[in-house]
Structures are given as C-alpha cells and as structure tokens.
Amino acid sequence: MVELVWDGKYDQAGNQVPPLRVTLPFQTIETVNESSSERQQAFDLFASDKPADWRNRLIWGDKKYVLPALLDEFSEKVDLVYIDPPFFTGDDFSFKISVEGDQFTKEPSLIEQKAYRDTWGTGIDGYLAWFYATLSQLHELLKPTGKIVVHLDWHVGHMAKMVLDEVFGRENFRNELIWYYYNKMPDTRNRMFPRSHDVLFFYTKDKDSAYTFNHQEELRDSPVKQLARKKLDGRMVNARDDDGNVIYNERAHRTVDDVWRISMLQPADKTQNVGYPTQKPDALLERVISSLSEPGDLVLDCFAGSGTTAVVAEKLGRRWIASDLGRFAIHTTRKRLLSDEHVRPFAVQNLGKYERQLWQEAEFGESAAARVSAYRSFILDLYRATPINGYTWLHGLKAGRMVHIGTVDSPVTVSDVQQILVEFRRAIGTGEGAPSAKIVDVLGWDFAFELNEIARQDALKAGVELRLVRIPREVLEKRAVEQGDIRFFELAALELSPAVEGQSLTLTLDNFIIPLDDVPVDVQAAVSHWSQWIDYWAIDWDNKADAFHNEWQTYRTRSSSSIELSASHAYDVAGDYSVVVKVIDILGNDSTKMLNLKVGP
C-alpha cells in the first residue's frame, strides 16, 4: 500500500509516534437554559452516585486535550463526526465586532493564532502530523457503525485523503462530496477557472456495518417547462399537448447525488450569518446530519467555529458535543443556541486547572515546593516583575506595586485577598523591596465570583488599590513564550443596583468599565456610552457555589443591536440568595460579580 510519510511520523527507532494520550477531567463552568427543578434533579442524582440525565456539551479547549479527555466516557459511542478543520491556508481568524452599526475587525487571540498557524509551524509535515493525531482519536470515539465527514478544500484535500485512508481504511471510503456554492462571485483576475466548491470526504468506520444512511431528495434546479401536466403522488406524469403529442415530464424532485448545490451565506443575511469568518450554511449541515444520523444519535464536532453543527443537531433532535479553542467561537455558539426558544439545557465545560497542573509538572518538575517556586518566577518574569522573598502572599514588585501570583489549580478568592492585604501593610516601609505605591497587582487564572464586590471593597477600606489581572492561557504555549507574545490584561469592573420588593428582585446594570489596553483606537472612538461595550449578560438568580447557571440572558444579534439593562425575578421562597451576574464584552472577554441578598420578609 502506498503510504504518505511526513517528518516526525516515526521516531528514531522506526516506531510510529502515537497521539498525545493524557486524560484530564472536564470542569463544568456554566449550565444554560436549565430550570431549577432540572438543576435540583441533577444534584440529587449526583448525591446518590447515579448518572445525571444527558446534557449536550459545549467545550472550550484545545482538541489535543479535549479528544483524549472524551475517550474515557465516549469511546465507541459517537454516531457521527463532522469536522471543518483549518485548511492550511494561512488565513487569519479575525472576527467582526459591531458598535452601533459600525463594524471593526478584532484580531484573533494569540492562543488562537498559535493553534491555527504555529501548530504546523514546520509546514505541511506539521499539518499532517496534527491531522493524523486528530483522526486517530476521532476513530476511537466512533461506534462500529459510526461515520465521519471531513470538510476541506483544494489546499490540502488531496493529502488529507491519504491520511484518512490510512486511519479509516481505503475500503471504508464512501464518497467525495462536492459542495458547489453556485452563488459565489467569481474572481476573474487570475488566469484560472474561478473556484466555487469545497470537498467533503465521507468514511464509515466499518464498511460491513449497518450504518445509518438516509437518501435525500431536493427540488430540481429549475422548473420543468411543460404545456400540460398533473401531479400524482408527488411525481410528474406524462400528458399530451393540444396537438396530441406526448410530453415526457420529469420528476419534480431529484435524489441528492455527490454534488451538493447549496448556496453560500451572504453578508446581508442577518437571520443566519453571524459574521464568523468560517461559518457554513445551516443547509449544508442539515444535509450531513439528516442523511447520516437518526434523532437521538450523538454528533461530535471538535472545530465548532460559529457552532453550526451544534445548532443544526439541536434543531434536528440529535445529541451533540461541540468544542473549539477560541473563546469567541464558544460565545458565538452559545448565543446561536439561545436564539432557539426550544433549546435543551446544555453545559459549557473546559479542562481548566487540570490542564494547567499538567503543564506545571511538565515544565517545573515533580517536587512540589520547587515546582511552585519555579512557576512563580516564570510568571513574574513574563510580567516583567522582580521576585521578592520573605512573604507568603506577595511574590514580586513591579514599578513600585506589589504582585501576587495565583496558583494554577484554584481561583483567587476573597480570603486570598485578605491575606494579601495583611502582608501588604507589613511590607510598607520595610526597606529594600518595599512598595512605593499602595497598589497590588493580583494575577490569577480564575477569580471567584464575589471578588469584584467584596475584595475590592476590603482593599479600599485598607487604603489599597487592587488590580485584578488575568494570567493568559498563552503562557502554556512554548512558542508564544519564546516569541514574547504574552500580554496581561486587567479585568473589567461591573456596577449593579439591586432592588428588592417582597419576594421579587430587579437587577439593573449601572456601569461597565473595561480596561482599554487591548481595545483598538477606532473602536474606543466609536463607543459613546458604557453599555456599548456589552455584547451579552446573564444572571444566575440562586447560585449554589458551583457552576454558573444561566437562567436569564440578553444579547446583541446582527438583526437586533439593543440589549436590556434590567431584569427581574420572583422567588418562590423568601430567604438569602447569592446572585451571580456574568457579562461578556464585545471582544469576547467575560467578567462576573456576585451579590448576596435577602429576599422577602
């Protein structure tokens, strides 16, 4: 058999290099559209050590970690995989943001750039190694009756098919499907025929299995011109014209073949087009999912992008798992799902602290004390801060400000901040290394919900300014570090007014203050009111100190640019409640705030 060999496929001993096999547990960071009763039922099942009812999953993370993490639970349980991976084009993955009708381009985050470009920084060899590892794990996830559809174009499709043949077997190749987007404007500047199609490779896991295949029909391209006709059971039948000549009529519908005539999304389509650069039309995914799965089947897409696979699978009554590395992709998918008033509850997950723990051990050794010390020094160096000794909670000094480095495996909490403030008071005026400003930069991977409300107030009472700075996930990427691509950004601040009347609560957004370091100048100039920074906000009316439960939300769409600034909720029982608000700004970054309130008498 002819084999495609790329640099790095085999090690020095001649053994094929296997895909990464690190199994990390998922963390549920948000549940969406789940009622209080459904939430309580899930708690009860968990407490009794019984499996909870199925929830569809939207996963934020790199598929090199996400796919191995899925294997424990979903090995040979997936019915259909559809992936639309990067085409090795060198395209950027910027997206459009809108401020009062004006559109601006937001460049991709560094982690998205590294994943979509530098993952195959060695060129086509790196791309093929990355593609092979992905397919190998997807093969394990598929049922024996499972199917996969891989969406590509002319850039790498010919080589990708050889990798598919190797992983799935040439005998399991079913179709090369042509998506002919006939409404694309032709580019006649080049001396070649205009390109107007993509390819989709359809494979089964086992050619002898009784896999699902539902033939599809479509209307013919143009109306049949006939002088006389009549319809019988949906078919066109023969008739005669006025002179008695037989007219041979065609069927009104045709069986769909391997050329799919489906139009591209148009920029003016505000009902479906969300402005995501790689978005595919719903009709394309409807054909894939309808023909190759049944209601209740499990559909997986690990390059979710704008979320079309999840949106269509939801509409067609399939279960689904969708993942993507990009924060904006996850946010776009969540909004599209919420636009379906009948959407079933789903969970938003990531690998969070477990991925960071793995990275810390691999980078800084197995000795716990030495590992933590080396990790802090590493982050301080990236933050351009100087390490200091003699403190437990204060780790560095930058431009006269003290710096705290949060741990990889837990969020920064109010208790942490209180300890930081105690040490800060002791540090003032103690000689060399003492701060010259009453400011503490608190760096963390995650922050507890209540920090914006309680911790900042505690700091102000102590006469200290608290700057909450997120440690970017890019620090996990060696190439980003080597190239000096790490940037830290301060969290936004959120101001709310609660109004309690009896057992009803009304929350009003009063202000949203966003640090402007990462905001393009032209975008800043277009914003005339603080609310224009907000793309989406949601409320958990009764947080149980677990995941954020999205029980109410408002958000901007292409067809409606306005959002509500107040929301109300009636509680069934009087009592003390923790209310959490999550805001996502127009750049895709989120901020949260917790309010502890008494409702009722």
Side-chain angles (χ1 to χ4, degrees), residues 78-84 142-143 145-154 157 160-161 164 168 171-184 194-226 229 231-237 248-266 269 271-273 278-301 305-306 308-318 320:
V78 175
D79 296 281
L80 173 63
V81 169
Y82 167 86
I83 58 172
D84 178 16
L142 280 172
K143 287 180 176 179
T145 56
K147 292 87 37 185
I148 184 171
V149 175
V150 180
H151 187 146
L152 294 163
D153 75 354
W154 60 272
K161 186 180 183 304
L164 279 158
F168 282 85
E171 69 280 5
N172 292 318
F173 172 59
R174 304 270 74 85
N175 280 109
E176 178 185 43
L177 303 165
I178 305 300
W179 172 31
Y180 168 43
Y181 28 79
Y182 54 85
N183 63 331
K184 180 181 179 181
R195 299 187 179 99
S196 60
H197 81 276
D198 287 355
V199 295
L200 292 80
F201 296 117
F202 163 34
Y203 283 74
T204 56
K205 189 170 184 177
D206 181 352
K207 68 180 177 64
D208 297 322
S209 68
Y211 61 87
T212 296
F213 186 85
N214 301 311
H215 285 286
Q216 305 291 303
E217 287 198 342
E218 63 183 353
L219 288 171
R220 290 193 174 274
D221 291 341
S222 59
V224 179
K225 297 179 181 178
Q226 291 135 350
R229 57 186 175 181
K231 190 175 292 187
L232 179 65
D233 296 330
R235 299 169 181 263
M236 303 306 298
V237 297
Y248 296 98
N249 296 284
E250 298 183 85
R251 291 164 55 120
H253 292 77
R254 63 188 295 277
T255 299
V256 171
D257 54 26
D258 61 0
V259 177
W260 293 2
R261 301 157 182 84
I262 296 174
S263 62
M264 295 184 74
L265 286 174
Q266 296 299 306
D269 181 1
T271 60
Q272 187 178 147
N273 193 333
T278 59
Q279 183 181 354
K280 301 302 183 292
D282 288 7
L284 183 71
L285 271 298
E286 286 172 2
R287 183 162 294 176
V288 171
I289 294 173
S290 296
S291 59
L292 300 178
S293 69
E294 300 289 352
D297 281 357
L298 179 56
V299 179
L300 169 65
D301 182 353
S306 66
T308 303
T309 301
V311 168
V312 173
E314 176 69 27
K315 182 168 65 174
L316 296 178
R318 274 64 168 175
W320 53 265

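For the pair Gln279 and Ser306, the tightest heavy-atom approach, listed with the atom from each and the gap, is CG-OG, 3.2 Å.
The shortest side-chain heavy-atom distance between Leu80 and Asp297 does not fall under the 4.5 Å cut-off. Annotation: side chain of Leu177 is in contact with side chain of Phe202 (closest heavy-atom distance under 4.5 Å). Within the 4.5 Å cutoff, no side-chain heavy atoms of Trp260 are placed close to those of Gln216. Counting heavy atoms from C-beta outward, Leu292 and Phe213 have side chains that approach closer than 4.5 Å.
Lys161 and Glu176 are not joined by a salt bridge, as no carboxylate oxygen comes within less than 4.0 angstrom of a charged side-chain nitrogen. The residues Asp79 and Lys143 are annotated as salt-bridged, a charged nitrogen and a carboxylate oxygen being separated by less than 4.0 angstrom.
Donor-acceptor pairing under 3.5 Å is lacking for the side chains of Thr255 and Asp257. A donor-acceptor pair shorter than 3.5 Å cannot be found between the side chains of Tyr211 and Asp206.
Put simply, the side chain of Gln272 gets close to the backbone of Asp282: a donor and an acceptor are under 3.5 Å apart. Asp198 places no side-chain N or O within donor-acceptor distance of the main-chain N or O of Trp179, the cut-off being under 3.5 Å. In this structure, the side chain of Ser291 engages the main chain of Val288 through a donor-acceptor pair within 3.5 Å. Arg174 places a side-chain N or O within 3.5 Å of a backbone atom of Glu171 that can act as its donor or acceptor partner. Checked by atom type and distance alone, the side chain of Tyr203 never pairs as donor or acceptor with a backbone atom of Phe173 at under 3.5 Å. The backbone N or O of His215 sits nowhere less than 3.5 Å from a side-chain atom of Glu217 that would complete a donor-acceptor pair. Between the side chain of Asn172 and the backbone N or O of Phe168, at least one donor-acceptor pair lies under 3.5 Å.
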